[in-house]
Amino acid sequence: MLGHAPLTGQGATILGFAAALLDPAAYDWLCRAFRLAATRLDVPDHPYRPVPQPAGHRLVRYGLNLVLLAACARPEVSAADLFPGDDDPAERLGRAAHGWQSALGREQWLGVIEALRARRGWAGGRHAEALRAGRGRASGRRDLRLRLDDGPDPAGFDAYWNQHYGPGSDVWAMDPGSGFNGAASADRAVVAVALRSDGDEDLLCHALEPLRAWSEPSLTSFVVHGPQDAESVAHSLLRAWVATAGPDGDLEAACERLVRAVTGYGWGEGLHPEAARAIDLALALLIAYADRLPAERMTVWLVRIVNCSQTTPAQNATVNAYLERNAGR
């Protein structure tokens, strides 16, 4: 029966009923059963067939329901428990989730993502430095923890987790203004979304399209702002733009991050046209909202921009002209 439909579509009380019945000790058995199902090459035949469906889909749905039951037995299901021998359990669980989506109808899939929440983290015990093939970066084992919850999504974005920089990596100790440019590609992501034909993902791509067309590397170049606090240059630009509609204190904090982002080392070594474009936007925003920003901070930010190796002569002239106009401010 577990191979025919997800438990999330069997009524609002079914998972609560399962949670009341299951002993926490059942968690380990359910994880082992999932591992066996995930590696099977054959699909068991069974006379119970309430609806026609491809044989492979039955095994995928069976695995999903085992994970849902494991989430009933314990507060969280760890990808490291489902794939204990894998160097990147989170990636394996992510691929399994793609399989769940492909094996379910739209309404069934919506029921799953409304019931489950994912939290990113690092697997305990084995933080050995695993070099990601072809990427040359040291990393702990990325984990993904699932729980049954219909509240807000707690996952958020973690640049270090996204780029496979684990607790044992030197990147975790980088100073503010340092940066890293990953092997990710926003252009590839758009192609993948188009291939999956997922309407919800399409909405995000549509919203980001002007920024991607203007400077795709700004989405994949990250600057450090503090301990385990890094964000893409594009994120800093959007944060500052949105902050113009908020309180002055929020705008000042966003501009501090923006200047650090555009003058930082997220672009990599050498001169980059994308950096000059980002500095152009930052200068336009700072000057447009200068009357809402502290004069002393404006001076500090503009000096940092002038001293940045990526700044062009035209941008230096813009800064100097502004400082001359506002010398007595």
Side-chain angles (χ1 to χ4, degrees), residues 1-39 59-127 139-162 164 166-167 198 200-201 204 228:
M1 294 179 65
L2 292 178
H4 290 278
L7 294 173
T8 48
Q10 304 304 304
T13 61
I14 187 66
L15 290 176
F17 179 70
L21 288 180
L22 284 171
D23 188 279
Y27 176 84
D28 292 335
W29 183 91
L30 289 163
C31 288
R32 288 196 302 272
F34 173 84
R35 290 196 292 273
L36 289 172
T39 56
L59 199 56
V60 171
R61 296 179 186 203
Y62 176 69
L64 166 60
N65 280 328
L66 290 173
V67 171
L68 291 172
L69 289 173
C72 292
R74 283 193 190 173
E76 288 188 330
V77 180
S78 168
D81 293 335
L82 298 174
F83 304 100
D86 202 279
D87 286 338
D88 191 354
E91 183 177 25
R92 284 291 302 277
L93 182 54
R95 291 183 181 279
H98 280 299
W100 300 341
Q101 183 178 12
S102 69
L104 300 176
R106 177 171 173 79
E107 292 304 317
Q108 291 178 322
W109 174 242
L110 291 178
V112 171
I113 61 177
E114 286 172 2
L116 281 176
R117 294 293 176 269
R119 183 168 64 88
R120 297 164 180 173
W122 300 92
R126 200 157 61 103
H127 282 307
S139 149
R141 296 173 69 221
R142 300 192 310 162
D143 197 9
L144 196 62
R145 301 177 186 119
L146 305 181
R147 61 182 173 84
L148 292 172
D149 191 349
D150 58 0
D153 187 354
F157 181 84
D158 182 338
Y160 299 89
W161 190 93
N162 177 270
H164 299 260
D198 188 299
D200 297 333
E201 292 177 344
L204 296 177
Q228 285 75 65

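All heavy atoms count here, side chains included; hydrogens, waters and symmetry mates do not. Positions are given from 1, in the same order as the sequence printed here.
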For the [atom1] atom of [X] and the [atom2] atom of [Y], what is their distance to the nearest 0.5 Å?
| X | Y | atom1 | atom2 | answer |
| --- | --- | --- | --- | --- |
| Leu93 | Phe34 | CG | CZ | 6.5 Å |
| Arg141 | His164 | CZ | NE2 | 13.5 Å |
| Leu66 | Arg32 | CG | CZ | 12.0 Å |
| Leu146 | Arg117 | CG | CZ | 11.0 Å |
| Glu107 | Glu114 | CD | CD | 8.5 Å |

Quick one: closest heavy-atom pair of [X] and [Y], and the distance?
| X | Y | answer |
| --- | --- | --- |
| Gln101 | Asp198 | NE2-OD2, 2.9 Å |
| Arg145 | Gly121 | NH1-CA, 3.9 Å |
| Ala118 | Leu144 | CB-CD1, 4.1 Å |
| Asp143 | Ala123 | CB-N, 3.7 Å |

Quick one: which residue pairs count as a ring pair (Phe, Tyr, Trp, His ring centres under 6.0 Å) with a foot in residues 84-109, not counting sequence neighbours?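 Passing the test, one end in residues 84-109: no pairs.
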
Quick one: do Asp86 and Arg92 satisfy salt bridge (Lys or Arg N to Asp or Glu O under 4.0 Å)? Show the steps, please. CA-CA 8 Å; Asp86 202 279; Arg92 284 291 302 277; 3.0 Å; yes

Mind checking salt bridge (charged side-chain N to carboxylate O under 4.0 Å, His left out) for Arg95 and listing every partner two or more places apart, or none if nothing turns up?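 For Arg95 the salt bridge (charged side-chain N to carboxylate O under 4.0 Å, His left out) partners, ignoring immediate neighbours, are Glu91.
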
Arg142 backbone acceptor or donor facing Arg120 side chain under 3.5 Å: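 Side chain of Arg120 to backbone of Arg142, a donor-acceptor pair under 3.5 Å: no, none is there.
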
Would you call [X] and [Y] a side-chain contact if the rule is heavy atoms closer than 4.5 Å?
| X | Y | answer |
| --- | --- | --- |
| Leu64 | Leu104 | yes |
| Leu148 | Cys72 | yes |
| Leu116 | Leu68 | yes |

Name every donor-acceptor pair, under 3.5 Å, that has one atom in a side chain of residues 21-30 and the other anywhere in the protein, sequence neighbours excluded.
residue, atom, partner, partner atom, Å
Asp23, OD1, Ala25, N, 2.7
Tyr27, OH, Ser78, N, 3.1
Tyr27, OH, Asp81, OD2, 2.7

